[in-house]
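A quick write-up on the structure given underneath.
Chain A is the first sequence line, chain B the second, and so forth, proteins listed ahead of strands; every chain is numbered from 1. Heavy-atom basis, side chains included; hydrogens, waters and symmetry copies ignored.
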Amino acid sequence: MAACSVEELLAKAEQEEAEKLKTISVQKELDLDFDVGNLLACDKNRIESRDFKEQKKEDFLRALARDNTQLLINEIWKLPTERVEEAIVAKLPEPATRLPREKPPPKPKPPTKWEQFAKLKGIQKKKKTNMVWDETRVAKNEFNRLKNIARAQKIKTPGVGLLPRTKQSKDELSRAVSVAKTSTASAGRFQDRLPKEKPPKNAGKRRKFEPLIGDFSSEKQKQLELLKVMDSKRPKLDITKAVNKQMREEDREEAASKRKGRKGGAAGRPKGKGGKGKGGRAGGGKAGGGGKRRGKPGKR
Amino acid sequence: MAHSDGITKPKTRRSKRFLETREPKLLENVKNAMIMKGGNTSQTVTQALKDIYSLKKPNAVLYKKKNITRPFEDSTSLEFFSKKSDCSLFLFGSHNKKRPNNLIFGRLFDFHVLDMIELGVEKFVSLSEFKISKCPEGTKPMLVFAGEAFEMDNELKRLKSLLIDFFRGPTVPAVRLAGLEHVLHFTAVDGKIYLRSYRCLLKKSGCRIPRIELEEIGPSFDLVLRRTHLASDDLYKLAHKQPKALKPKKKKNISHDAFGTKFGRVHMQKQDLSKLQTRKMRGLKKRKGEVVAEEEQRSEPKVAKTES
């Protein structure tokens, strides 16, 4: 008897389950396509025109809509949920349908000069405290901003000029003058100079580099000369020059210490004497090293 | 147009924010729609436009004045409007003898017309005629497309994509389950498209998933497809191009088979093969007695040599 009732109970339970699911289950020929990220469902099943015309249109459409919505809700209820402030919320996945953008994707902006420098140096951004208004900097900032814009838009800007500052330095002014002078048709050769103006010191290039693949014969000559010098076993150090330099330095030190000595008193002198009294081996020969002599050696 | 960081700089933070919302971004804003009237409109058309505006609020602008333009012939004024109001979707309603109760749905890419589809309204029941409480403004609607025509016909496929774009609303990471109220159902049958809008009632069923009951609330349209102006394939492709940053990052050393099996790759260091642990066979195991015997054998020949 007990066994029967158990079976009956099981059967009953199954029936109940089926009934429960009946309320939410929908029979369809083809499964729907779901895009839950967009709350979208697409039903590809054929709609028989006969069925459509038989019933009243609205009822047919409503029944169809109910079935499809039920299936969509079933899908949505499968998603993971969480509780957010008294409401149960389902987490939606990313929308699967590919839809066109409204604007083209953004172009990466070129880094400004500072950003490049910071990247190079590895400088990180720091939070600034309240800064004081500085007028001279404002003009400089404006100038740099315009330069950045010009560079980004590839507009040509004059290479040298005067920065819009309140006071220009002597260097900048002289450089601006020299640039202005050389920017004539004959490269400044026939430009008159002011009465007290000095000729420019280091006009032109400061260093000259040979081209990579230049004159092979000259390169060969240079290399052979270099090898010869290395081979000759002559000391690289020019003794006379070294000695002269050392003596000049000594004299300078003496003069400085004398001045100090006059101001400071007798304390300076012993030092000077000590300096003078230092003996040294006479230079000459292969040993190198500067020798110190009181008398000036003749030039060789 | 005044661009930020260009020659004209925004002077206030508010204007800067305004320009920033309008510039192209990785993750785009919700598409706004502009709803406008043509040279001549009928009562049906104006009411239809108002109803669609209320469906699309707040991501839509409804223009009151009539604009004497023909989108299919000249789209420059549409593009100008879209630039000014930053709208990439539009709905243009008009009425004339040749095309009564005409609605043109369209979208733009980079302020140029991408797609335009003209639909004729054959039957229209307005929102006001349904005496029932409506869904609150701004609810994200569920969209259902029924009918195989939406997959088979090329033009209807585009129309489906356009309608999804138009009605879907903002993309959200999560949705409140109780707030799934609004359903828009599009059916394509017999060459016509039926749009019905329902309110969802979640009824108790035996299990966790509720049973759905629908009440019709919204505007109902019976539409017929008229002219279309679809974008060329390359422009369409260009509009779909996503920036690389949005692509999901590929996990290294994981690959998938044609059958869907997941394969992983493990990188090993160099192994000493002589010390490798191979299969153990108990029978071949060296026992103590044997070891001694071997050693003796080895030692014996040596002894023999020395003797001789």
- Short N-O contact, B:Lys160 and B:Glu151, less than 4.0 angstrom: yes
- Message: Ignoring hydrogens and geometry beyond distance, is a side-chain donor-acceptor pair present between B:Arg107 and B:Ser161 at under 3.5 Å?
- Response: yes
- Item | Portion of A:Leu72 that has a non-hydrogen atom of chain B nearer than 4.5 angstrom | side chain
- Within 45° of the six-membered ring axis of B:Tyr236 and under 6.0 Å from that ring's centre, is NZ or CZ of B:Arg158 located there? yes
- What part of A:Pro95 lies closer than 4.5 angstrom to a heavy atom of chain B: side chain, backbone, both or neither? side chain
- Message: If the threshold is 4.0 Å, N to carboxylate O, is there a salt bridge linking B:Glu28 and B:Lys25?
- Response: no
- Greatest number of non-hydrogen atom pairs under 4.5 angstrom with chain A, of B:Asp110, B:Leu89, B:Val172, B:Ile209, falls to B:Ile209
- Message: Between A:Ala87, A:Ala90, A:Pro105, who has the most heavy-atom pairs with chain B when the cutoff is under 4.5 Å?
- Response: A:Ala90
- Task: Find out whether B:Glu181 and B:Pro136 are in side-chain contact, i.e. whether some heavy atom of one side chain is under 4.5 Å from a heavy atom of the other.
- Result: yes
- Engaged part of B:Ala231 at the chain A interface, taking heavy atoms whose separation is under 4.5 Å: neither
- If you tally heavy-atom pairs under 4.5 Å between each of B:Leu114, B:Leu180, B:Leu238, B:Leu184 and chain A, the highest tally belongs to B:Leu180
- Would you say A:Phe34 and A:Ile76 make side-chain contact, with heavy atoms under 4.5 Å? no
- Side chain, backbone, both or neither: which part of B:Thr171 has a non-hydrogen atom closer than 4.5 Å to chain A? side chain
- Query: For A:Asn45, is it the side chain, the backbone, both or neither that has a heavy atom under 4.5 Å from a heavy atom of chain B?
  - Reply: backbone
- Task: Measure B:Pro210 against the heavy atoms of chain A and call it side chain, backbone, both or neither at under 4.5 Å.
- Result: both
- Side chain / backbone / both / neither for B:Arg211 at chain A, heavy atoms under 4.5 Å: both
